[in-house]
Asker: 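Quick one: the structure is below, questions incoming.
Every chain is numbered from 1 and lettered A, B, ... according to where its sequence line falls, protein lines coming before strand lines. What you are looking at is a predicted structure, and each value in this text was computed from that prediction instead of being measured.
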Protein chains: 2
Amino acid sequence: MPEEAPSGLRERKKLDTRKALSDAALELMFERGLDNFVREDVAARAGVSLRTFSNYFASKYDALAYRVNHRIRRSAALLRTRPADEPMWTAIAEALIEPLREDGVPFGRPTDEQIHEIRKLNATPEMQVALARNTVDDLVEAIAERTGTDPEADLYPRLVANVTIGALNAVLNRYVRTDPALAMSRVLREVFDDLSKGLPPPRA
Amino acid sequence: MPEEAPSGLRERKKLDTRKALSDAALELMFERGLDNFVREDVAARAGVSLRTFSNYFASKYDALAYRVNHRIRRSAALLRTRPADEPMWTAIAEALIEPLREDGVPFGRPTDEQIHEIRKLNATPEMQVALARNTVDDLVEAIAERTGTDPEADLYPRLVANVTIGALNAVLNRYVRTDPALAMSRVLREVFDDLSKGLPPPRA
DNA sequence: CCGCTAGATTGCCTTGAAGGCAACTTTGCC
DNA sequence: GGCAAAGTTGCCTTCAAGGCAATCTAGCGG
């Protein structure tokens, strides 16, 4: 995790390149559509070679997922700082919300075309995997620490982490499927509150 | 979904071919290891051309995931047949367990080499893509039907489906990480029972 | 029973992804 | 200023994805 605390110029430049590649990928997606650009285009826009793109990201989808994944990693870190007496699901919800707020999500109102591309993106299995990669394990660690369980031996922390990611995906999915009118933080708080109650079926 | 009810000989042959390809892929994985065979090998073993393999599966991992995905589809169908007064999480747990039982999972005790290959398989992003494909939506539909919610407008069914898949993944993950001594059905019942209680942290 | 046609299989081909290797360049430190 | 380590790049091979057109076959109507 040399991700945080960029010590020297070397580290900072790597971070810059990674971010530039990720941003370039996002831009290209909105400009041309998800299927109308290749990794080489992304590399060109970020001013590096295709081979260097490969050194940073395993796929186009990894580049597109970078921001979201980075937020989840920060959420895992934040989870460790939540008060110990706070209910677990509340702590998780707040830890997920804070990085969204920091990044200013949602960035104003996206255009219809942007929403359309985001939907397409979220619908691809490749993206869903890219979103889970390298993030679940961080969450597992943080949850294990908080709950005093063993991430290797116990099922519990991995279960909670997977459920958390599943819930987050559902919320993000809904955000792009329906009109993103509701504040995401509010929806997240409701969802994790329901989760703590066992997700009872509505009315019934 | 012409998957079920193979009417004519044509349909049945398609099903047979699909299953033969999937079985061939599994065999080759255990014989040679995940990285030591290509789609052409699978096609050859199943007695069809590579191009035909592509007509059935988008990737090697799709072929490997076929059985698991098929079970989840059957679980979605079973969920619709569970008694309406059964608690939702119980219904979901039982709907997940039944296809496992039908398929005789676990198939006796896997060898250490087999466990090793399964772990490698489950760790690959490509496999996770294949597992995510075409399964969540079936569950969303079934859950929406059962709970009287709208899969498009309501967050609820997608949330429950994603949480369900997350929990299932955690259990499968644990199954291959630790010694698969515990009966999976029992673990699943416990997990979904805990889920109905909001997954309280242990002791604490 | 026979031929007809939709659907299945196949080969060929183009594009793109993944990643090993070695040459070259830059950073950070002595 | 120079040196070692790390980053960047080009080149290459292998594999995946899937369009297209030719061929074959199951299952139907005559």
Asker: Residues from residues 32-39 of chain B sitting under 4.0 Å of DNA chain C, heavy atoms only?
Answerer: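 None - not one residue of the stretch has a heavy atom sitting under 4.0 Å from the strand.
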Asker: Counting only pairs under 3.5 Å, give me each side-chain donor-acceptor contact of residues 123-132 of chain B, with atom names and distances, residues two or more places apart or in other chains.
Answerer:
residue  : atom : partner  : partner atom : Å
B:Thr124 : OG1  : B:Leu121 : O            : 2.8
B:Thr124 : OG1  : B:Met127 : N            : 3.3
B:Gln128 : NE2  : B:Asn122 : O            : 3.1

Asker: In residues 160-169 of chain B, what donor-acceptor pairs under 3.5 Å come from side-chain atoms, sequence neighbours left out?
Answerer:
residue  : atom : partner  : partner atom : Å
B:Asn162 : ND2  : A:Gly166 : O            : 3.2
B:Thr164 : OG1  : B:Val160 : O            : 2.7

Asker: For B:Glu102, enumerate each residue passing the salt bridge (charged side-chain N to carboxylate O under 4.0 Å, His left out) test, keeping only those at least two apart in sequence or located in another chain.
Answerer: B:Arg74
Asker: Using the test side-chain contact (heavy atoms from CB on, under 4.5 Å), find all partners of A:Lys120 that sit at least two apart in sequence or belong to another chain.
Answerer: A:Leu34, A:Asp35, A:His116, A:Glu117
Asker: Quick one: how far along DNA chain C does chain A reach, first to last nucleotide 5' to 3', anything under 4.0 Å to a heavy atom?
Answerer: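 Under 4.0 Å from chain A, the extent on DNA chain C is C:dG16 to C:dG28.
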Asker: Starting from P on D:dC15, measure out to CD on B:Glu40 and report it in whole angstrom.
Answerer: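 To the nearest whole Å, that distance equals 9 Å.
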Asker: Near DNA chain C, which residues from residues 43-61 of chain A have a heavy atom under 4.0 Å away?
Answerer: A:Arg51, A:Ala58, A:Ser59
Asker: List for me each residue that meets salt bridge (charged side-chain N to carboxylate O under 4.0 Å, His left out) alongside B:Glu31, sequence neighbours excluded, and say none if there are none.
Answerer: B:Arg45
Asker: Does a side chain donor of either A:Asn69 or A:Arg73 reach within less than 3.5 Å of an acceptor in the other side chain?
Answerer: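 Result is no, nothing qualifies.
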Asker: Mind checking what makes side-chain contact (heavy atoms from CB on, under 4.5 Å) contact with A:Pro151, not counting sequence neighbours?
Answerer: A:Val140, A:Glu141, A:Ala144
Asker: A:Glu145: what forms a side-chain contact (heavy atoms from CB on, under 4.5 Å) with it, not counting sequence neighbours?
Answerer: A:Arg80
Asker: With sequence neighbours excluded, what pairs up with A:Arg32 under the side-chain contact (heavy atoms from CB on, under 4.5 Å) test?
Answerer: A:Leu28, A:Asn36, A:Phe37, A:Asp41
Asker: Going by the rule salt bridge (charged side-chain N to carboxylate O under 4.0 Å, His left out), which residues pair with A:Arg189 if we only count those two or more places apart in sequence or in a different chain?
Answerer: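 Residues passing salt bridge (charged side-chain N to carboxylate O under 4.0 Å, His left out) with A:Arg189: A:Glu94.
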